[in-house]
Protein chains: 2
Amino acid sequence: MKIDRAVVKSLPLFDRMSDEELDRLLSYATSRRVPQGEAVFEQGQPAISFFLLLHGRLKVTQVTEDGQQIIVRVVHPGDLFGFAKALQRTDYPGTAIAAAESVTLCWPTDLWPNFVEHNPRLAVSAMQTIGQRLEEAHTRIREMSTQEVERRVAHAVLRLARKAGRKEAGGIRIDFPISRQDIAEMTGTTLHTVSRILSAWESRGFVEGGRQKLLVTDLEGLAELAHGARD
Amino acid sequence: MKIDRAVVKSLPLFDRMSDEELDRLLSYATSRRVPQGEAVFEQGQPAISFFLLLHGRLKVTQVTEDGQQIIVRVVHPGDLFGFAKALQRTDYPGTAIAAAESVTLCWPTDLWPNFVEHNPRLAVSAMQTIGQRLEEAHTRIREMSTQEVERRVAHAVLRLARKAGRKEAGGIRIDFPISRQDIAEMTGTTLHTVSRILSAWESRGFVEGGRQKLLVTDLEGLAELAHGARD
DNA sequence: CGATTACTTGAATAGTTTCAAATCCGGTGG
DNA sequence: CCACCGGATTTGAAACTATTCAAGTAATCG
């Protein structure tokens with residue numbers, strides 16, 4: 001598949017890179033279209049590549065020993081993902097599934113040290129990314145430790161609106177198919193509880209639901225709820 | 001305070017480093033004794049230093065907006081900590097408190113890039129450390145999402161036994177003062193629930209409690225419980 | 001000792017999950 | 001184009017886990 005250089009160039013990660021260097025980087029990359037529902041890589045597979053999401057949306061999931069699934073994070077366009085090797089792992093700790101039709105760039109893991117050497121900025125970016133992820137993880141732990149389900153769901157929906165929201169008449173549309181089950185797996189609860197919460201919100205005018213659809217109609221209200229101002 | 005070179009040299013992080021390089025590193029370091037209950041740094045302070053724990057034990061805590069506290073992690077001897085700057089942060093995201101009398105090495109954050117340049121191994125180690133931490137965080141999220149409190153507490157105690165356990169007649173002693181409240185803050189529950197659980201375990205012969213004391217008397221049994229084999 | 005902090009434990013309560021069943025929606029194939 | 005099927009969603013009721021509230025009991029430190 002042909003790589004769209006303009007798209008890559010527009011990403012913050014690469015915007016200060018010289019054209020030559022960018023070309024060199026891209027010359028090693030392959031592009032891949034991932035249909036909805038298909039996995040880019042699966043938990044436990046050897047980490048032979050690392051990736052950059054160009055279009056679409058991925059869910060990174062983990063399955064526990066006893067078969068329960070959680071969503072570790074959502075990958076948005078422009079995010080690096082699957083760089084297990086940079087963290088000294090040999091296999092992928094989770095499964096990355098396309099929530100919507102997606103396009104990824106893909107490099108062999110072996111090239112990581114090479115890239116980092118030629119592009120210190122990339123190393124810094126990677127560090128930053130990991131640091132952010134660690135913080136996000138801690139935030140989530142904090143929320144799960146101290147907040148009740150409704151506020152956790154509110155925070156999750158707000159994050160989605162911020163990272164995957166598209167303005168639309170009447171509110172902010174979460175721009176990829178997301179089910180109640182997904183939200184449950186992101187917040188550590190059950191789809192039943194999520195459904196009840198969204199129903200309650202709908203009657204309060206905060207959101208509008210739908211099959212794998214979510215429209216935030218009152219961001220302010222939700223934010224207040226998430227921060228404990230309302231109940 | 002005088003730095004004990006032998007102690008530093010015995011750490012995996014430095015064991016392949018040349019004596020000259022180690023001396024150079026240590027020449028920039030200052031050593032500091034931290035009495036029990038005192039903080040090495042506090043949440044929100046500018047990150048002017050990074051640290052290595054030589055002796056003792058630290059709890060890293062975060063306080064939520066509404067004043068609730070959680071324990072993000074426990075720092076064990078040999079661990080690097082407080083390298084916020086490496087993650088592109090300018091302040092410390094948490095507070096590090098000495099759970100027992102501790103000794104730390106301390107470097108100015110500015111030297112981090114310099115060190116990393118001269119010691120690629122240190123950079124790799126740091127990456128590895130962060131990667132491990134991210135995994136630990138995800139493990140914790142997974143546990144909090146899918147497991148009930150008793151199993152979470154079992155896992156937490158097992159981790160403590162592994163990382164801070166000292167063999168002793170009759171079992172494995174958690175080698176620093178730890179309260180029910182601490183365990184509650186590590187597992188996202190209340191001290192009451194932890195107390196009840198430990199009491200139940202004590203009558204089943206898994207542990208022996210005490211004021212800020214914990215002795216694991218049946219590691220096997222606890223492990224089974226943690227993995228869902230018993231109830 | 002006296003005060004303080006840590007711990008234990010019972011009872012009531014609240015928040016969530018589990019179980020069960022009905023309903024809705026979207027696409028597929030006739 | 002429409003009936004039908006399967007996955008997604010909703011919702012009620014029961015069960016349960018863990019928290020909150022409320023005392024009361026130890027252990028430690030000055």
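Residue numbers start from 1 in every chain, and the chains themselves are labelled A, B, ... in the order their sequence lines are given, proteins ahead of strands.
Atom pair B:Gln36:CD and D:dC29:C1' shows a separation of 12 Å (rounding to whole Å applied). In this structure, A:Asp182 atom CG and D:dA8 atom P are separated by 9 Å, rounded to whole Å. In this entry the distance linking CE of B:Met144 with C1' of C:dT16 reads 15 Å, nearest Å. The distance from atom CD of A:Glu148 to atom P of C:dT13 is 18 Å, rounded to the nearest whole Å. Whole-Å rounding puts the A:Glu150 CD to C:dA14 P distance at 17 Å. Atoms CD (B:Gln147) and P (D:dA18) sit 11 Å apart, rounded to a whole Å. In this structure, the CZ atom of A:Arg151 is 19 Å from the P atom of C:dA14, given to the nearest Å. The distance from atom CD of A:Glu208 to atom P of D:dT10 is 13 Å, rounded to the nearest whole Å.
Taking B:Arg73 as the reference, nothing meets the salt bridge (charged side-chain N to carboxylate O under 4.0 Å, His left out) condition, with sequence neighbours excluded.
If you take OG1 on B:Thr189 and CD on B:Glu148, they are separated by 11.5 Å, rounding to the nearest 0.5 Å.
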Salt bridge (Lys or Arg N to Asp or Glu O under 4.0 Å) between B:Glu135 and A:Arg89: does it pass, once the steps are laid out? CA-CA 11 Å; B:Glu135 260 185 86; A:Arg89 283 192 63 107; 2.7 Å; yes
Please report the C-alpha distance between B:Arg180 and B:Asp182 in whole Å, then the side-chain angles of each, then the deciding distance to 0.1 Å, and finally whether the salt bridge (Lys or Arg N to Asp or Glu O under 4.0 Å) criterion is met. CA-CA 5 Å; B:Arg180 307 290 182 264; B:Asp182 289 333; over 6 Å; no
Does the side chain to side chain contact (heavy atoms under 4.5 Å, CB included) test come out yes or no for A:Gln43 and A:Val63, once each step is laid out? CA-CA 8 Å; A:Gln43 185 170 1; A:Val63 179; 4.0 Å; yes
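Applying the 4.0 Å criterion to OP1 and OP2 of D:dA18, one finds that B:Thr189 has every side-chain N and O outside that range.
For residues 42-69 of chain B, the pairs satisfying ring pair (Phe, Tyr, Trp, His ring centres under 6.0 Å) are B:Phe41-B:Phe51, B:Phe50-B:Trp107, B:Phe50-B:Trp112, B:Phe51-B:Phe81, with sequence neighbours left out.
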Whether each nucleotide of nucleotides 4-10 of chain C has a protein heavy atom under 4.0 Å at its base (B), only at its sugar-phosphate (S) or at neither (-) is summarised, 5' to 3', as -BSSBBB
